[in-house]
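Have a look at the structure below before the remarks.
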Amino acid sequence: MKKRSLSYLYVPLKLNEKERNELKMTYKELADLIFPNVKDIKYYEEKYPERNLPEGAVVTRFAPSPTGFVHIGGLYQSLVAKTIANKTKGVFFLRVEDTDQKREVENGITDIVNSLKTFDMAPDEGMISDTEEIGDYGPYKQSLRKDIYQSYAKYMIEMGKAYPCFCTPEEGEELRKKQEAAKVRTGYYGVWAKCRNYSIDEMVEKIKNGEEYVIRFKSPGREDRKIKHKDVIKGNVDFPENDQDIVIIKSDGLPTYHFAHAVDDHLMRTTHVIRSDEWLSSVPLHLQLFQELGFKAPKYAHISPIMKNDNGNKRKLSKRKDPEAAVSYYEEMGVPDLAIKEYLLNIANSSFENWRRQNKDAKIEDFDFSLNKMSVSGALFDMVKLLDVSKIVISKFSAEEVYEKALKWAKTHDEELTKLLEDKEYSLKIFNIERGNQKPRKDIAKWSDVKDSIIYMYDDKFLNANIEYPYQVINNKEDINKILDLYIEKYYNEEDDKQTWFDKIKELAGEMGYAKEVKEFKQNPEMYKAHVGDVSTVLRVALTGRTNTPDMYEIMQVLGKDSIIKRFQKARI
RNA sequence: GGCCCCUUGGUCAAGCGGUUAAGACAUCGCCCUUUCACGGCGGAGACAUGGGUUCGAUUCCCGUAGGGGUCACCA
């Protein structure tokens with residue numbers, strides 16, 4: 001590939017130096033006419049110096065536009081950006097891209113800030129509320145940076161690298177149609193860039209006549225030349241050079257994304273631009289902008305979006321169509337934020353899973369995350385897998401943590417659960433069943449599962465409920481009543497340890513003529529009506545109304561004798 | 001349509017010229033003093049396709065097909 005020349009002069013090269021200076025002067029006059037009251041870019045260059053950071057430190061950012069809820073993809077980007085910044089002792093900042101007033105949404109910024117906060121991903125710098133920010137490289141809200149963009153736009157005009165364009169949107173539309181009809185590339189470029197060729201005098205005149213205009217970048221690119229770009233994630237990508245004279249300042253005086261990106265990420269000294277891969281095809285433009293502005297270009301890492309399977313088609317998770325695209329969706333379901341982060345990390349670096357298995361109790365911050373190990377193609381979002389990760393995450397919480405988190409969730413989402421949890425001491429006993437040992441129970445995947453998994457443990461709920469007892473093998477009234485009566489009268493003792501308790505159920509089974517061992521029953525099925533397991537099931541069903549529960553010994557310990565007796569009475573009728 | 005990217009089991013994915021092609025989730029079976037969950041063991045299941053290059057291609061090159069992205073005074 002041919003190396004690109006480093007500078008482009010837009011004044012005819014045949015002119016002598018004096019003439020050239022005169023022409024430059026006129027560019028200056030044009031620039032002064034358009035932006036009379038902005039500072040020289042030197043001011044900003046000095047105000048926002050290179051950051052003083054350790055070797056290898058990476059500066060990243062999350063730069064959303066405040067257009068409503070936070071997308072899971074945005075969270076994903078932030079997680080990656082923050083992780084890599086923290087790992088290198090760099091900086092992660094939040095910049096709000098609100099240059100499109102039409103799309104503004106109320107509380108947009110607050111939503112973003114709060115979301116990051118709940119995920120324990122607050123930025124080191126940038127917006128921390130709707131109006132407040134921290135850090136020395138602000139403002140971090142683009143609408144407050146209008147003067148800055150205009151300074152740089154003015155500089156571009158002075159250099160002959162940008163010009164006012166007087167084409168109306170309608171003319172733009174016409175141009176596009178013409179190009180489509182002629183089957184050529186659409187856009188404002190080359191011979192189609194009408195306003196590019198006006199003389200300075202003509203431009204000045206139009207402006208003085210009050211014609212509306214935007215500022216366009218005068219692209220030095222040629223479509224027939226290729227540029228090479230090495231993306232941190234995607235690897236080598238070749239593109240044709242950009243030759244579009246894109247708008248850099250809109251008629252409302254605010255910049256377009258592209259220009260704001262170049263100016264901001266330069267001034268904020270971003271080293272790595274981590275963003276969604278929908279931007280990949282803008283890289284030639286962005287690189288050119290950095291070049292023409294005289295900025296050092298950042299490294300780019302384009303993240304593949306999270307996809308969804310839609311009737312056999314893969315597509316990006318959509319804000320509009322997919323509720324699961326919003327991070328609030330998971331909050332409402334009660335998926336712990338740690339689970340979501342682990343799941344996303346899983347997608348980001350598949351080695352995370354192995355690491356997690358080997359470092360069960362480590363903090364996710366200790367995982368050696370690597371940007372360039374990220375996948376180049378988009379992953380299908382897998383709710384089942386998320387919930388599996390979540391189950392494991394929750395299984396590692398202490399009963400106290402489960403209690404606190406479930407309660408917090410319940411307070412905003414489930415009144416009945418909130419009431420159940422009022423008795424903290426009792427609730428903790430329940431959450432402690434089969435928890436904290438080597439093989440903790442993994443039956444809660446989200447806080448919305450909690451109520452169903454504990455409700456039968458509360459007497460005032462259970463004893464007053466209308467319950468259908470799902471008895472299994474032993475299902476006749478007589479035998480059931482006999483088992484329940486005998487168990488209470490003869491066998492049950494609150495003081496028993498687990499083995500004794502276990503043996504006593506065997507005794508009971510024996511007394512009733514059932515097999516005391518399941519194996520024995522299986523060997524001689526014709527000798528017995530049922531086995532000890534079936535007897536257990538009767539007790540379990542009478543006690544809980546369910547066939548599937550955690551360890552029955554522990555359940556009995558938590559319920560206590562009074563409750564057990566009451567439950568058996570209710571069951572025998 | 002132009003340009004760009006991608007394609008390993010149902011899903012997420014290791015792999016970087018020679019492997020019995022890892023692992024996880026899901027699924028199926030067995031085991032784990034009585035359920036369920038957990039755990040253990042095992043099964044089934046993949047390199048889109050056609051050409052090259054090579055002694056040898058999942059791996060490199062080209063084409064085809066499929067998927068995705070992008071072509072705004074939106075970001």
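Note that this is a predicted model, so its numbers are computed, not measured. All chains are named by letter (A, B, ...) in the order of the sequence lines, taking the proteins before the strands, and each is independently numbered beginning at 1.
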Plane angle bin for A:Tyr487 and A:Tyr492 - parallel if under 30°, tilted between 30 and 60°, otherwise perpendicular: tilted
Candidates B:C4, B:A75, B:U35 - which lies nearest the side chain of A:His258: B:A75
Donor-acceptor pair (no angle test) under 3.5 Å: A:Ser251 side chain, B:C73 base: yes
Sugar-phosphate, base or nothing in reach of A:Phe239, heavy atoms under 4.0 Å: sugar-phosphate
With sequence neighbours excluded, residues passing salt bridge (Lys or Arg N to Asp or Glu O under 4.0 Å) with A:Asp534: none
Euclidean distance for C1', B:U33 against B:G40 (whole angstrom): 16 Å
Salt-bridge contact A:Lys498-A:Glu554 (side-chain N to carboxylate O under 4.0 Å): no
Sugar-phosphate, base or nothing in reach of A:Gln499, heavy atoms under 4.0 Å: base
P gap between B:C60 and B:A14, integer Å: 14 Å
Pairing of A:Arg441 and A:Asp443 as salt bridge, 4.0 angstrom limit: yes
Touch class at under 4.0 angstrom, heavy-atom based, for A:Val376 against every strand present: sugar-phosphate
Length of the line joining A:Gln438:CD and B:C38:P, which is rounded to integer Å: 17 Å
A:Lys102, nearest nucleotide to its side chain (from B:C74, B:G23, B:C4): B:C74
A:His261 and A:Tyr300 aromatic centres sub-6.0 Å: yes
Length of the NZ-P vector between A:Lys391 and B:A24, whole Å: 15 Å
Distance, rounded to the nearest Å, where A:Asp231 contributes CG and B:C6 contributes P: 11 Å
Listed nucleotide nearest any side-chain atom of A:Leu380, set B:C12, B:C6, B:C73: B:C12
Among B:U11, B:A72, B:C4, the nucleotide that comes nearest once only the side chain of A:Arg176 is considered: B:A72
Sugar-phosphate only, base, or nothing, as touched by A:Asp238 at under 4.0 Å among non-hydrogen atoms: sugar-phosphate
Canonical and wobble pairing (Watson-Crick, G-U, under 3.5 Å) of RNA chain B, dot-bracket with |: ((((((((.[[[..)..(....]]].(((((.......)))))....[[[[[..)....]]]]])))))))....
Salt bridge present between A:Lys316 and A:Asp277 (N-O < 4.0 angstrom): no
Touch class at under 4.0 angstrom, heavy-atom based, for A:Pro64 against every strand present: nothing
Sugar-phosphate, base or nothing in reach of A:Pro169, heavy atoms under 4.0 Å: base
Same-atom distance (P) from B:A48 to B:G9, integer angstrom: 7 Å
Touch class at under 4.0 angstrom, heavy-atom based, for A:Thr67 against every strand present: nothing
Sugar-phosphate, base or nothing in reach of A:Lys385, heavy atoms under 4.0 Å: base
Euclidean distance, atom OH of residue A:Tyr553 to atom P of B:U33 [Å, nearest integer]: 18 Å
Rounded interatomic separation in angstrom, taking NZ from A:Lys250 and C1' from B:C73: 7 Å
Non-hydrogen side-chain atoms of A:Thr99 and A:Phe259 separated by less than 4.5 Å: no
Separation between the C1' atoms of B:U19 and B:A26, rounded to whole Å: 26 Å
Presence of donor-acceptor pair under 3.5 Å, side chain of A:Arg103 and base of B:C74: yes
Value in whole Å for how far the P atom of B:C3 lies from CZ of A:Arg225: 19 Å
Sugar-phosphate, base or nothing in reach of A:Glu434, heavy atoms under 4.0 Å: base
Donor + acceptor pair across side chains of A:Asn354, A:Arg357 (<3.5 Å): yes
Earlier contact from the 5' end, RNA chain B, for A:Asp443 and A:Cys165: A:Asp443
Which nucleotide in B:C73, B:C5, B:A26 has an atom nearest any side-chain atom of A:Lys234: B:C5
A:Val237 side-chain proximity, nearest of B:G23, B:G68, B:C4: B:C4
Shortest side-chain distance from A:Lys439, nucleotide among B:A75, B:A37, B:C38: B:C38
Donor-acceptor pair under 3.5 Å, A:Arg185 side chain vs B:C3 base: no
Aromatic plane relationship, A:Phe381 with A:Tyr343 - under 30° parallel, 30 to 60° tilted, over 60° perpendicular: perpendicular
Sugar-phosphate only, base, or nothing, as touched by A:Ser536 at under 4.0 Å among non-hydrogen atoms: base
Selected nucleotide, minimal atom distance to A:Ser375 side chain, candidates B:A75, B:C4, B:A13: B:A13
Touch class at under 4.0 angstrom, heavy-atom based, for A:Trp501 against every strand present: base
Whichever of A:Thr537 and A:Glu353 has its nearest RNA chain B nucleotide further upstream toward 5': A:Glu353
A:Tyr163 OH - B:C73 P separation (whole Å): 12 Å
Spacing of A:Glu278 atom CD relative to B:C74 atom P, expressed in whole Å: 16 Å
Note, A:Arg356 side chain near A:Phe367 side chain (heavy atom, < 4.5 Å): no
Selection from B:A13, B:C4, B:C6 that lies nearest to any side-chain heavy atom of A:Ile347: B:A13
Shortest side-chain distance from A:Arg357, nucleotide among B:U35, B:G23, B:C5: B:G23
Sugar-phosphate, base or nothing in reach of A:Thr547, heavy atoms under 4.0 Å: base
